[in-house]
Structures are given as structure tokens and as C-alpha cells.
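Notes to accompany the following structure.
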Amino acid sequence: MTAASLRVEGVTAGYGPVRALVDVSVDVPDGAVVAVLGGNGAGKSTLLRAVSRTLAFHGGALRGGSVSFGGRRLDGLAAAELVAAGVVLVPEGRQMFARMTVADNLRAGALGARGGARGRARGGERDRAWGGARARADRRAPAHARVHGLFPVLRQRAQQRAGLLSGGEQQMLALGRALMAEPRLLLLDEPTLGLAPMAAARIADTIREINAQGTSVLLVEQNAAVALKLASSAYVLETGRVALAGPAAELAVSDEVRRRYLGVVDETAAQDAESVSTSVPRLGRWPA
Ligand SMILES: Nc1ncnc2c1ncn2[C@@H]1O[C@H](COP(=O)(O)OP(=O)(O)OP(=O)(O)O)[C@@H](O)[C@H]1O
């Protein structure tokens, strides 16, 4: 295993009586984009929670297996320690501080594992702590420069409340905030969900660029066509188990993936249907 590869081995996890993952193994080689596909409830978010040590926040627990990054076991760490280890989750729904400015959201991302600056402190004490934290965050000039280079709009909107950004801009802020912690591995949960096609394409391009700059990515994405284009390898989860895995280019042409996740109509059925109507769509709702 190289310095920054992720290895999920035989992970079983669930919520109370619900078994959401069963004996799941996933590898993200250093520098790779790896996609996880699957229908609703297949266990994709649970996998990211198992890696990011956030299962407990959702009432879940890891019940077996191990997760390691760069040879270091992650399953004994607290969620906050993950950031220091170089692993940062961008959760589904972006979850920014809507009433804080864009600039302060980015600063919050830089705090990461240092933690506590806004934690237990109150009133003036909290303001002083946050002031110190802001100053520390502002020293992260290379991370700031990288984020503003990727997302010039975040510099233009620096003093605007995050809640006023468009959906696409909020996703940029969520990615930017994660990058402020200078991660070696990003865990992305549905980054294009709910975005218009142009905004989704923009986010996909940015993920490619972030990866080209040296950050590995484990990508959960409902848009299978986008995910398979970005990724070098992919895993398909079905009811908590790995049903298919392999190079993304191979999965993209596999009949099962095409039918179930790329919305491609079965050839024979399509030909039968075409004999009745010439307007049968060969491709479903996912844009290429
Ligand atoms: N907080 C929770 N408490 C109880 N059960 C949960 C919780 N979160 C997820 N589950 C269950 O765990 C299973 C896997 O869910 P998970 O959210 O990981 O799937 P998913 O592939 O990400 O699906 P989706 O795309 O719908 O989010 C499902 O049966 C789901 O109902």
C-alpha cells in the first residue's frame, strides 16, 4: 500500500437491527478517483460514514472489518482526528454554515482537527477564540490560493452569506471548505445531486482538476455516467454488498451497469420496441 491509499477491508456496518454494509472491501489507490454506484439504500453513504468515522452521528456503528489510510488504522480514530490524517468528508447536502460568510465558511474548513475554537467557549471568550482561529486559518495561504484558483466566484462572494449562494456555488463552497484542510483523500457524497446539468458538469470538471492536483477521491454519485467518466475504478453496491467492481471503463460497457445505472434500454427490447415506434429513447435520463 502506498503512502496515501485507502483500504476498506471486510467492513460490516449498520444502524440498530439494519445491516447496511456486509463484508465490503474497497481500495482507493493513491492519486485515484474511485466511484461507488448503487440504487437508493444500497449503502453508499454508509460506506463514506464508515470511512469518515461519522456512523455514530447517524445512530450507526461499525460491526466488523477495518479501514486504513496510508497503512494507519482509521477505525480507532475520532472523526475530528481524520482531518489531521488527511481524510475529509463532503457530506450529502453540503451542510454549510448558511448564516456565516463564504470567507468564514472557508476558514472553518481550515480549522479542522485543531477543533475547539468555536466549541465550548462562550461570549467574548468565544469571539477571541474564533478571532485566533481566523488568524490561524488565514495563514493557510496556499490552501486559500488553491481554492480561489479553482473557484474564483468564492473570492468574489467572500463577504456574502453562504445561504445566499446558488446550489452550484454552495457545492463549490463545500468542496472549497474541504480543500482548506489540505486533504490527501476527499470523500464526496453525491456532489452533483440537485444541480442543473451545467452546474453538475462544472462540479465534475472541478473534481477532475482537484484530483489532477494530487488529491485522491472516493466518489459516491447518483449520476453514474459522470462518475464512470471521472473514475479509474468503480464499485457497485447492492443491498449493502459489493455486486460488481472493476475498471470504470469496463463497468461503463457492462450490460448490467448500462441497463441498471446508465439507463440504457436493453438492445433486443429496444429493437422490438422500435419495430412499433421509432422514438424509443436508447439513453435514459443521465446526460453523457
Ligand atoms: N441513520 C439511519 N438510521 C437507520 N437506518 C439508516 C440510516 N441511514 C441509512 N439507513 C439504512 O441503511 C441502508 C443503507 O443506506 P445508505 O443511506 O447508506 O444508502 P445509499 O446507498 O447512500 O442510499 P441513498 O442514495 O438513498 O442515500 C438503508 O437500508 C437505509 O434505510
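Atoms within a ligand are numbered from 1 in the order they appear, just like the ligands themselves. On a predicted model such as this, the values are computed, not experimentally measured, just so you know. Side chains included, hydrogens not; waters and symmetry mates left out as well; all remaining heavy atoms used.
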Practice task
May I ask whether Gln222 places a heavy atom under 4.0 Å from ligand 1?
Solution key: no
Exercise for the section: Show the numbers, then the answer: is there a side chain to side chain donor-acceptor pair (under 3.5 Å) between Asp189 and Ser45? Expected result: CA-CA 7 Å; Asp189 199 352; Ser45 295; 2.9 Å; yes
Completion exercise
Looking only at non-hydrogen atoms, the one of Ala20, Gly38, Gly16 nearest atom 13 (C) of ligand 1 is Ala20
Exercise for the section: State whether Glu238 and Arg260 are salt-bridged, where the test is any N-O pair (Lys NZ or Arg NE/NH1/NH2 against Asp/Glu carboxylate O) under 4.0 Å. Expected result: yes
Handout entry: Residue and atom name of the nearest protein heavy atom (relative to atom 25 (O) of ligand 1), distance in Å to one decimal
Key = Lys44 NZ, 3.2 Å
Exercise for the section: Could you tell me whether a side-chain N or O of Ser232 sits under 3.5 Å from a main-chain N or O of Ala32, the two making a donor and an acceptor? Expected result: no
Practice task
May I ask you to list the atoms of ligand 1 that are less than 4.0 angstrom from any heavy atom of Thr46?
Solution key: 14 (C), 15 (O), 16 (P), 18 (O)
Handout entry: ligand 1 N/O within reach of Ala42 N/O, cut-off under 3.5 Å
Key = yes
Exercise for the section: Tell me which one of Ser45, Gly14, Ala50 gets a heavy atom nearest to atom 17 (O) of ligand 1. Expected result: Ser45
Exercise for the section: Would you check, one step at a time, whether the test salt bridge (charged side-chain N to carboxylate O under 4.0 Å, His left out) holds for Asp205 with Arg208? Expected result: CA-CA 5 Å; Asp205 286 346; Arg208 188 177 287 117; 3.4 Å; yes
Practice task
Return yes if some donor-acceptor pair links the side-chain N/O of Gln171 with the main-chain N/O of Gly168 below 3.5 Å, else return no.
Solution key: no
Exercise for the section: Would you check if the side chain of Arg7 reaches a backbone N or O of Val67 as a donor-acceptor pair within less than 3.5 Å? Expected result: no
Problem - Selection from His58, Glu190, Arg49, Glu92 by shortest heavy-atom distance to atom 8 (N) of ligand 1 - result: Arg49
Fill in the blank from the handout: Nearest non-hydrogen protein atom to atom 2 (C) of ligand 1, with distance, is Tyr15 CD2, 3.4 Å
Fill in the blank from the handout: Counting from 1 in the order shown, the ligand 1 atoms closer than 4.0 Å to a non-hydrogen atom of Asn40 are 23 (O), 25 (O), 26 (O)
Handout entry: atom 30 (C) of ligand 1: any protein heavy atom closer than 4.0 Å
Key = no
Practice task
Give a yes/no verdict on whether any heavy atom in Gly39 is under 4.0 Å from an atom of ligand 1.
Solution key: yes
Handout entry: Protein residue, atom and distance nearest to atom 14 (C) of ligand 1, heavy-atom basis
Key = Gly41 O, 3.4 Å
Exercise for the section: Please confirm whether Gly43 comes within less than 3.5 Å of ligand 1 when only nitrogen or oxygen atoms on both sides are compared. Expected result: yes
Handout entry: Shortest non-hydrogen contact between Ala85 and Arg184, atoms and distance
Key = O-NH2, 3.4 Å
Handout entry: Polar side chain donor-acceptor pair, Ser25 to Tyr235, under 3.5 angstrom
Key = no
Practice task
Could you tell me whether Asp104 and Arg107 have a side-chain N and a carboxylate O separated by less than 4.0 Å?
Solution key: yes
